[in-house]
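Computed from a predicted structure; not experimentally measured. The sequence lines fix the lettering, A, B, ..., with proteins before strands; numbering per chain opens at 1.
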Amino acid sequence: MKIVVCVKQVPDSDAALAVNADRTWIVDSGINFELNPYDRYALEEALRIKEAGEGEVVAVSLGPARAAQVLKTCLATGADRAIHLKDEAFQGGDPWANAQALAAAIRTVEPDLVLCGFQANDDTLAQTPVLLAEMLGMPHATGAMKIEKTDTGVRVARELEADRREVVDLPLPAVITVQTGINEPRYASIKGIMAAKRKEMKTPGPADLGIDPSQVGAAGSRLRFFDLAVPPKKEGGEVLTGSTEEIAVALVKRIRENTGVL
Amino acid sequence: MAGKILTVVETDAGRVRDYSYELVTLARELAQATGGTACAAVLGDDPVAAATQVAGHGVETVYAVKDPALAAYTADGWVAALKKLIADEGVEFVLFSHTPLGWDAAPRLSAVHGLPALTEVVAVEDGGKVWTRLMFNGKFQVKMSLEGTPAVVTVQKGAFAPCEEQGDGAVREVAAGLEPTALRQKYVETTSEPAEGKVDLASADIIVAGGRSLGSMEKFGIIKELADALGGQVGASRPVTDAGWLPHEHQVGSSGITVKPKLYIASGISGAIQHIVGMKQSGYIVAINKDKEAPIFEVADVCVIGDQFEIVPALTKAILEARGHG
């Protein structure tokens, strides 16, 4: 089975973030980045499916030059090759424009399965994979907690609320987004890191993929983001101060007066 | 001409989901601002009874979209049926809740119209031209606008108050006209994860919840001890259950359980939106966190900025003393 895994480089979850000058995104200099945590589970799932049979795992990422780092991580962890959409024309897009670019790159691979993280930890829009599925003409399923190969395709258990699962059969090729907790992602080994240096990383531009630059990046976007700001603080609660013991006593008093459970 | 604003209603065993009524509130707000009309759609093999429940909630028309292939949710079934309804009825806005159904169907429905979706919005202004959502785990909010119609929107649960009963809308049965062979996803079944213990967070009066910052399953013990002292249940944020420190049935949040205890104590939980959505309706919220900027403090009644490994055991001791066990 040939599997594409879409991955994104996102700011480290502990990074101190600031709003950029035109208030459309964060300042992305001087902070650390990481592989989107959801995507680690998608990569692991792809590697497990490959290892259960045979095939190839191709990691694809759209992002600036620095995003090569997350593709290196994928290659070191076991992906066979990578495609990095780093051309300037691809950058600054909305989910629609990003899905257009990813779709063009993925068509060159002709995969049986496309796996993505359920959402990216930075914008948490949770829609690019589904748009991608429509562009590729593939069925989709979101929030997978289990993926099993069947005779006709795959059986996916989608996570519902309150610990329920919706089980659905899909023909292949298909696009599936993966929830955290579906597996235990592995880490790259020293051997894997060495091997990654010899693996292919392509960087096609719009012309190589046969797409018009006006269809991707900022030019191809239909959703505009603006006025990024710290949300207005809600009227927060009372802040308790004092020694640990004083705070504990004050908490007991508040709980007793306000809840009726003590 | 102003178009229709369509709420996509979700049901559970024939009962309309509470959060679908939150969408109706937004639909009515948009109808007022745009001069359009608030409508709703219930999809199913037998949707009329649920459609009738919605009709008494301030919508002009509830479309009961009926088809044997809509007996259970599939993305292709929902998208095909709604695409037809949008074209037939002149729909300008389509509202979904940001739920496993909403985030699965909405982007596909927008995509078949050549557009992205507006996902997990919390507010709207300017007659549906400007939408607000949160990003970066709630640290920032951003506004967005979409070029083109229909605008397909998913709305964060709890962002709008549920609408009251009012008016007397019409229920209109419409055929979805689906071609079953064209539906690629085949629904198999809905399963429940076997409960590993006797945990019923949804009806608990007291919940003490811990986050990833506790560091390990062993250190999570201070949360359990406090819950025991209070006679309450143990809750957790998603990273805790993903890491296997606790079974998934303890997870509070949008992908876990929505809780409403009299007392909710959150220790070392920064307050990602996904968690806050699941607990913000608790009666009284105590938050303990070392980061004074943690979003959890915005929904807390009492805030303690400090080290949970000192505060929590001290609170456990004080509770036991107050209850006369000390």
Side-chain angles (χ1 to χ4, degrees), chain A residues 17 19 26 94-96 122-127 130-131 133-135 139-143 155 158-171 180-181 222-231 233-234 236-240 244-245 247-249 251-252 254-255 258-262, chain B residues 74-76 99-100 103-104 107-108 111-112 115-117 119-120 134-136 139-148 184-193 205-206 238 241-242 248-249 255 257 262-263 283-284 286 297-298 300-305 310-311 314-315 317-319 322-323:
Chain A
L17 304 176
V19 177
I26 52 146
D94 73 346
W96 182 266
D122 51 2
D123 60 39
T124 59
L125 284 159
Q127 59 166 302
V130 182
L131 304 179
E134 175 64 20
M135 291 169 189
H140 78 270
T142 53
R155 177 162 289 190
R158 296 185 60 226
E159 186 180 61
L160 303 181
E161 293 139 312
D163 247 358
R164 293 194 299 165
R165 305 268 189 272
E166 179 178 276
V167 182
V168 59
D169 283 340
L170 296 170
T180 57
R222 285 139 207 231
L223 200 52
R224 199 167 63 86
F225 296 90
F226 55 101
D227 282 2
L228 186 75
V230 175
K233 289 274 175 217
K234 297 197 189 88
E238 178 195 5
V239 178
L240 297 183
T244 301
E245 285 66 33
I247 287 173
V249 169
L251 276 175
V252 171
R254 301 295 184 287
I255 291 169
N258 293 290
T259 69
V261 298
L262 265 186
Chain B
T74 61
D76 280 356
T99 55
W103 62 58
D104 200 67
R108 191 89 196 200
V112 300
L115 293 169
T119 47
E120 206 172 10
L134 298 167
M135 282 189 173
F136 296 99
K139 281 178 204 157
F140 296 115
Q141 66 174 32
V142 73
K143 293 188 178 179
M144 37 181 194
S145 59
L146 177 73
E147 257 175 62
R184 292 163 293 185
Q185 297 96 349
K186 306 285 180 222
Y187 172 79
V188 180
E189 61 177 338
T190 301
T191 60
S192 286
E193 287 300 287
D205 277 341
I206 302 169
R238 181 160 192 137
T241 55
D242 280 347
H248 271 281
E249 67 214 61
S255 57
I257 297 170
K262 290 175 181 156
L263 172 64
Y284 194 74
V286 177
F297 287 133
E298 290 188 30
D301 295 288
V302 178
C303 311
V304 180
I305 300 158
E310 288 180 14
I311 309 280
L315 179 57
K317 186 162 166 273
I319 297 274
R323 300 191 118 188

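- Qualifying side chain to side chain contact (heavy atoms under 4.5 Å, CB included) partners for A/V249, counting only residues two or more places apart in sequence or in other chains: none.
- The distance from atom CD of B/E310 to atom CD1 of A/I247, rounded to the nearest 0.5 Å, is 9.5 Å.
- Taking A/T124, A/V168, A/V167, A/V239 one by one and counting their heavy-atom pairs under 4.5 Å with chain B, the maximum is reached by A/V167.
- Heavy atoms closer than 4.5 Å to chain A are found in both the backbone and the side chain of B/I311.
- Among A/R164, A/E245, A/M135, A/Q127, the residue with the largest count of heavy-atom pairs under 4.5 Å with chain B is A/Q127.
- Between chain A and the options B/T99, B/I206, B/D76, heavy-atom pairs under 4.5 Å are most frequent for B/I206.
- Judged by distance alone, the side chain of A/R254 and the main-chain N or O of B/V286 form no donor-acceptor pair under 3.5 Å.
- Among B/V112, B/T191, B/T119, the residue with the largest count of heavy-atom pairs under 4.5 Å with chain A is B/T191.
- Chain B forms the most heavy-atom pairs under 4.5 Å with one residue out of A/I255, A/L17, A/T180, A/L170, and that residue is A/T180.
- With contacts defined as side-chain heavy-atom distances shorter than 4.5 Å, the pair A/E166/B/P100 does not qualify.
- Remark: B/W103 pairs with A/F118, B/H98 by the ring-ring contact (aromatic ring centres under 6.0 Å, His included) rule, at least two apart or across chains.
- Considering all non-hydrogen atoms of both residues, B/P116 and A/L223 come closest at CG-CB, 4.0 Å.
- For B/V302, the parts sitting under 4.5 Å from any heavy atom of chain A are the backbone and the side chain alike.
- Rounding to the nearest 0.5 Å gives a distance of 9.0 Å between OG1 of A/T259 and CG of B/D205.
- Contact of the A/L251 side chain with the B/V304 side chain is registered, since non-hydrogen atoms from C-beta on lie closer than 4.5 Å.
- Closest approach of A/V252 and B/A318 over heavy atoms only: CG2-CB, 3.6 Å.
- Interatomic distance, B/M144 CE to A/L125 CG, rounded to the nearest 0.5 Å: 6.5 Å.
- Using a distance-only test at 3.5 Å, with no hydrogens or angles considered, no donor-acceptor pair links the side chain of A/E134 to the main chain of B/A111.
- Ranking B/K186, B/K262, B/R184 against chain A, the residue ahead of the rest is B/R184, based on heavy-atom pairs under 4.5 Å.
- Residue B/K143 holds its NZ atom at 14.5 Å from CZ of A/F225, rounded to the nearest 0.5 Å.
- Interface remark: A/R158 contributes side-chain atoms only to the contact with chain B (heavy atom separation under 4.5 Å).
- Contact of B/D301 with chain A is made through the backbone alone, with heavy-atom distances under 4.5 Å.
- Of all the heavy atoms in B/P107 and A/A126, the pair that sits closest is CG-O, 4.3 Å.
- Using a 4.5 Å heavy-atom threshold, the side chains of A/V261 and B/Y284 count as separate.
- Ranked by non-hydrogen atom pairs under 4.5 Å with chain A, the options B/A75, B/G283, B/A117 are led by B/A117.
- Between atom CG of residue B/L263 and atom CG of residue A/L262 there is a gap of 7.5 Å, rounded to the nearest 0.5 Å.
- With a threshold of 4.5 angstrom between heavy atoms, A/L131 approaches chain B through its backbone and through its side chain.
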Given the rule in the side-chain contact (heavy atoms from CB on, under 4.5 Å) test, do A/D122 and B/F136 qualify, once you have shown the distances and angles that lead to the verdict? CA-CA 5 Å; A/D122 51 2; B/F136 296 99; 3.4 Å; yes
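- Here B/D104 is the residue among B/I305, B/D104, B/T74, B/V142 with the most heavy-atom pairs under 4.5 Å with chain A.
- Top candidate by heavy-atom pairs under 4.5 Å with chain B, chosen from A/G143, A/A133, A/A229, A/P95, is A/A229.
- Proximity to chain B (any heavy atom under 4.5 Å) is shown, for A/D123, by both the backbone and the side chain.
- No side-chain heavy atom of A/D227 sits less than 4.5 Å from a side-chain heavy atom of B/Q141.
- Distance check, rounded to the nearest 0.5 Å: NE2 of B/H248 to CD of A/E159 gives 7.0 Å.
- The neighbour count for B/K139 NZ, taken as heavy atoms of other residues, nucleotides or ligands under 6.0 Å away, is above 12.
- Of the listed residues A/R155, A/H140, A/E238, the one with more heavy-atom pairs under 4.5 angstrom with chain B than any other is A/H140.
- With a 4.5 Å cut-off on non-hydrogen atoms, B/E120 touches chain A through its side chain but not through its backbone.
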